[in-house]
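Source: prediction; values computed, not measured.
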Protein chains: 2
Amino acid sequence: MSRSAEAVHETLRHSEGFRSAQDIFTEMRADGAKIGLTTVYRALQALSDDGRVDVLRTDDGESVYRACATGDHHHHLVCRHCGHTVEVAGPDVERWAERVAAQNGFTEITHTVEVFGTCNSCTASAER
Amino acid sequence: MSRSAEAVHETLRHSEGFRSAQDIFTEMRADGAKIGLTTVYRALQALSDDGRVDVLRTDDGESVYRACATGDHHHHLVCRHCGHTVEVAGPDVERWAERVAAQNGFTEITHTVEVFGTCNSCTASAER
DNA sequence: GGTCAAAATGAAAACGGTTGTCAAAGTCAG
DNA sequence: CTGACTTTGACAACCGTTTTCATTTTGACC
């Protein structure tokens with residue numbers, strides 16, 4: 001893994017929620033890193049290939065990245081306001097997916113499950 | 001709902017799986033329809049706003065559309081080879097999402113759940 | 001029929017995130 | 001130090017999508 005990929009990973013590890021490539025690039029530059037946008041994209045791709053970061057697509061088609069605590073399979077609970085993200089395991093969902101797939105003759109299952117909502121503190125600040 | 005939106009909806013209704021905008025546009029043109037790409041995009045947007053078609057993002061960021069049997073909340077089981085799609089209800093998943101959200105103090109939940117796999121007939125043709 | 005304003009249409013340009021290009025810079029074993 | 005190989009980054013190209021804007025169509029109302 002190249003030097004800059006590590007740097008990108010490091011930046012990601014300090015972040016709370018999902019970040020876009022451009023976003024990461026801007027922050028790294030602001031922190032004085034000498035890195036190009038191309039390299040950030042390459043690093044993110046490499047990291048996600050290695051399963052070291054998770055990737056999500058926003059509704060407007062942007063890819064967003066996050067360094068997750070574990071490489072194990074998990075899903076995300078994302079606050080749509082502040083981006084705060086909780087990793088959640090969902091054994092029930094896995095089983096459900098397997099079941100409906102099998103019932104319909106589908107094999108080699110993969111699935112995407114993401115939950116969006118408003119987190120505690122954002123609810124609080126909205127009420128204020 | 002405008003004339004061309006109906007035409008797009010009709011085209012979609014004849015399709016088996018999820019289709020991209022450009023794809024739909026090409027087919028309609030091939031069928032002799034006089035319609036512009038812009039209008040197809042606008043129609044798809046209107047239709048999805050009305051909940052008359054479902055939208056998905058492919059892994060490479062393309063939006064794909066499908067006229068679904070029901071306006072009720074449901075998920076999809078999509079064959080990654082032929083695009084064949086089955087609509088599935090997932091009450092268990094809904095409950096799971098509600099539960100993990102509540103446990104973490106999240107409210108106003110929405111979620112995306114899509115399952116990809118290889119369908120019966122594609123498994124068969126691969127073995128042949 | 002005719003007139004007019006509002007809505008719909010589509011060709012082309014703009015947009016924006018992402019990926020490709022390619023030459024320069026860095027790395028490292030021998 | 002040298003040469004082979006890898007990494008980097010400025011910039012251009014790409015591609016799906018959206019915007020623009022002038023033209024056409026629609027549908028009231030006479």
Trainee: Regarding B:Arg42, tell me which of base, sugar-phosphate or nothing describes its non-hydrogen contacts under 4.0 Å with the strands shown.
Mentor: base
Trainee: I need the A:Thr11 OG1 to A:His9 NE2 distance, nearest 0.5 Å.
Mentor: 10.0 Å
Trainee: Closer to the 5' end of DNA chain D via nearest nucleotide, is it B:Gln45 or A:Arg3?
Mentor: A:Arg3
Trainee: Send over the distance from B:Tyr41 OH to C:dA14 C1', rounded to a whole Å.
Mentor: 14 Å
Trainee: Is the shortest distance from a Lys or Arg side-chain nitrogen in A:Glu6 or A:Arg52 to a carboxylate oxygen in the other one below 4.0 Å?
Mentor: yes
Trainee: Give B:Thr38 one of three labels, base, sugar-phosphate or nothing, depending on what nucleic acid heavy atoms sit under 4.0 Å from its own.
Mentor: base
Trainee: Using 4.0 Å as the upper bound for N to carboxylate O, is an ion pair formed by B:Glu98 and B:Arg95?
Mentor: no
Trainee: Base, sugar-phosphate, or nothing: which does B:Ser63 touch, judged by heavy atoms less than 4.0 Å apart?
Mentor: sugar-phosphate
Trainee: How close or far is atom C1' of C:dA24 from atom NZ of A:Lys34, stated in whole angstroms?
Mentor: 14 Å
Trainee: Return the value, rounded to whole Å, for the distance between atom CG of B:Leu44 and atom P of C:dG10.
Mentor: 13 Å
Trainee: Calculate, to the nearest 0.5 Å, the distance between atoms CZ and CD belonging to B:Arg57 and B:Glu114 respectively.
Mentor: 13.5 Å
Trainee: Rounded to the Å, how far apart are B:Glu6 CD and C:dT9 P?
Mentor: 11 Å
Trainee: Measure the distance from CD on B:Glu62 to P on C:dG17 and round it to the nearest whole Å.
Mentor: 18 Å
Trainee: Determine whether a donor-acceptor pair (N or O, by modelled atom type, separation under 3.5 Å) exists between the side chain of B:Thr70 and the backbone of B:Cys68.
Mentor: no
Trainee: What is the distance from CZ of A:Arg57 to C1' of D:dT17, rounded to the nearest Å?
Mentor: 13 Å
Trainee: Using a cut-off of 4.0 Å on non-hydrogen atoms, how would the nucleic acid contact of A:Thr39 be classed: base, sugar-phosphate, or nothing?
Mentor: base
Trainee: Check every atom of C:dA8, D:dG16, C:dG17 against the side chain of A:Gln22 and return the nucleotide holding the closest atom.
Mentor: C:dG17
Trainee: Report the distance from atom CG of A:Asp59 to atom P of C:dG17, rounded to the nearest whole Å.
Mentor: 15 Å
Trainee: Counting only side-chain heavy atoms from C-beta out, which of D:dT17, D:dG9, D:dA10 sits nearest to B:Leu37?
Mentor: D:dT17
Trainee: Side chain of B:Arg29 only, heavy atoms from C-beta on: which candidate in C:dT18, C:dA11, D:dT7 is closest?
Mentor: C:dA11
Trainee: Specify the separation, in whole Å, of atom CD1 of A:Ile35 and atom P of C:dG26.
Mentor: 15 Å
